[in-house]
Amino acid sequence: MISVEVKNRTEKFELDVSFDFLTGITGIFGRSGAGKTTLINIIAGILRPDSGKIMFDEKVIFDSDKNVNLPKHLRRIGYVAQDSQLFPHYNVEKNLLYSKSHGTSQAANFKQVVDVLGIVNILDRRPNSLSGGEQQRVAIARAILSEPDLLIMDEPLSSLDLQRREKILPFIERLRDSINMPILYVSHDLSEITRLADNLILLDAGKIVKSGTVEEMMSNIEIMSFFGKRDIGSTMEMTVTDHSGDGLTKISTGAFDLWIPHSELAIGSQIRIRLMAHDILISKKRPHDISALNIIEASIAEVREGAGPGVIVALKVGASKFLARITLRSKENLGLAVGQKCYAIIKAVSVAPNNVSKV
Amino acid sequence: MELVFIMDYLGNNELHAIWLSVKVAFVSLIFLIPIGLLISHLLSRKEFYGRSFLDALVHLPLVLPPVVTGYFLLILFGRNGPIGKLFEYLFNFSFAFQWTGAVLAAFFMSLPLMVRSLRLSQDLINPKLEQVAGTLGASPIRVYLTITVPLMLPGLVTGSILSFAKAMGEFGATITFVSNIPGRTQTIPSSIYSNLQVPGAETVVIYLVLVSATISIVSLLFSDWITKKISERIG
């Protein structure tokens, strides 16, 4: 377990956080200026906080009371920055082996990492001849090959365009599943975080607003004001139960089924989807003769009005909860209130492929 | 053939001046590189009290008339100067009217050129690159030697060539500090100057000028070639 408890004060900013996490990906989300980079720099040993304590299991990395401050090269933290920061005077292979003064490319984990990240064919290339996506994959591999106790990824995809991002995400998913290492994943892109992370820490103005599993967090109506309106969407883990001949896949939570566009995953595998709140319609009666394939009976758990014309409605089906965003006018017209029964209507095609991922 | 022809016109004193100029340029370079790297690192990466003062001090010979720099050297490093006395006492070593004094003059005159070139390339290195190297387990020394210095090579080559050229051509500070003693402290520029005072020595002057220009042009071409090689490697 990694536990972090730090305070740092500068003229314009105060950071005061305390959290701990285990293996898997822990997302850190926050607007720019929330303190993400400061926090990361403190953990990596680039910045020294005023006070606090950072522990990796039993190993003390930083302790202001005992005056322990391990320099960054002894902390065993892998760091992947926004721009890959590859060493321009070394080829890819030498970049990858930089952490091992006498390392060879023959080691078993070298082969595995290079394979998982798909960079076998570019080992003798120079960094400046690589595409942005390739550079970032090399940077990730280089960090992992230093065999860190913790991997920090600071907006690793933000310098890439959408297409490249889509291409590299599966590599990170594979990585998460193949290495047993805690990963801190910093991003201001919710779709990235909800797809990759198991747990999420919401940071604002130097403080932790809330933390929890991604599923809990993304259907928590309390914290929706921290996300962009268009970004609101619940994350759910479901099981693939059927593939139909007309190109659709059926997934299930146990409480309800959902048809989505075809997924490559085999029947029985776990899938994570993100249902965008603005894609969900609410009806008081079960609609008939409608093109939408998913009509789910639900009950209204919570309604929250904001300053704008929209309201967020939390819907409950069995143990699952998800959010819908409708207009205030519709809410008034339908007379929606907490506790009422209603139907959530979800178009199958509204579930975009980039909102579907393997668990 | 050509060389023998030139030798006929150049006396022992002139040949010694050529040899001395090259020697002074190389020896001063040996000291300039490590000290230049150190000062560049201090100015580029460290915050300390007196940083601006060090910066100004290093650049002083660039703006002062060379004769004034030579005068300061005489005051400080001369027989009766505080540092000169210290060296004499500790190592039984003297700069005054010795070729080592010419090295010292060349060193101080070239230092600003070396430090400027090095610092320019060091400032261009993204500090994040060094931080990442640190997180990969490299100690600060290893980061400096494997990341910082290799990426500073273009600056190092430029600084070295500028310093070499400066040392070869240095006249004012050298003649003020160690005088113009044929066969001892006379360099190519001071030899040209002396020969210009002698009626009928124009041919000697022309040959000295030719030698001096050749050395400079060859070193410039060499630096161009090596810079190209380096940028191919660094990219």
Side-chain angles (χ1 to χ4, degrees), chain A residues 37 40-41 43-47 61 70-92 94-103 125-130 135 138-156 159 184, chain B residues 33 36-37 40-42 44-49 117-161 223-235:
Chain A
T37 305
I40 290 308
N41 284 344
I43 298 174
I46 292 162
L47 208 79
I61 298 290
L70 224 54
K72 58 179 174 296
H73 66 281
L74 300 176
R75 288 195 178 194
R76 301 179 62 88
I77 292 179
Y79 182 79
V80 179
Q82 207 173 105
D83 24 11
S84 58
Q85 306 296 355
L86 298 180
F87 306 135
H89 55 304
Y90 289 147
N91 67 12
V92 169
K94 278 193 163 170
N95 264 282
L96 293 177
L97 292 173
Y98 185 81
S99 61
K100 306 175 190 310
S101 25
H102 306 289
R125 300 257 298 272
R126 294 242 160 218
N128 62 357
S129 73
L130 304 177
Q135 287 186 6
V138 173
I140 294 169
R142 180 178 65 178
I144 291 165
L145 286 169
S146 70
E147 290 166 9
D149 294 334
L150 162 69
L151 180 64
I152 295 175
M153 299 174 97
D154 186 6
E155 311 246 8
S159 61
L184 269 188
Chain B
I33 290 172
L37 282 170
S40 162
H41 190 70
L42 291 177
S44 177
R45 295 294 151 87
K46 302 283 175 196
E47 285 294 331
F48 58 95
Y49 189 76
S117 307
L118 288 175
R119 196 183 159 187
L120 209 64
S121 56
Q122 192 163 13
D123 283 346
L124 280 177
I125 300 173
N126 188 342
K128 273 203 163 176
L129 216 51
E130 292 161 339
Q131 285 169 3
V132 165
T135 64
L136 290 169
S139 63
I141 286 278
R142 184 164 171 240
V143 173
Y144 184 71
L145 292 178
T146 58
I147 307 294
T148 317
V149 171
L151 293 179
M152 284 170 72
L153 275 182
L156 187 64
V157 171
T158 311
S160 298
I161 225 67
S223 103
D224 275 354
W225 175 77
I226 204 162
T227 311
K228 211 187 243 167
K229 285 275 154 204
I230 290 169
S231 30
E232 274 168 22
R233 281 197 62 88
I234 294 181

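A, B, ... follow the sequence lines: proteins, then strands. Residue 1 opens every chain.
- Both tests hold for A:Arg142 against A:Phe87: distance to the six-membered ring centre under 6.0 Å, angle to the ring axis within 45°.
- Among A:His89, A:Arg76, A:Glu147, A:Arg126, the residue with the largest count of heavy-atom pairs under 4.5 Å with chain B is A:His89.
- At a 4.5 Å heavy-atom cutoff, the contact between A:Leu86 and chain B is made by backbone atoms alone.
- Sparse packing is recorded around NZ of B:Lys229, with 12 or fewer heavy atoms of other residues, nucleotides or ligands lying under 6.0 Å away.
- When heavy atoms are compared at a cutoff of 4.5 Å, A:Ile77 approaches chain B solely by way of its backbone atoms N, CA, C and O.
- Among B:Leu156, B:Thr148, B:Val149, B:Leu151, the single residue meeting the side chain to side chain contact (heavy atoms under 4.5 Å, CB included) criterion with B:Gln122 is B:Thr148.
- Here the straight-line distance linking atom CG of A:Asn41 with atom CD1 of A:Ile152 works out to 8.5 Å at 0.5 Å rounding.
- Interface residue B:Ile147: backbone and side-chain heavy atoms are both found under 4.5 Å from chain A.
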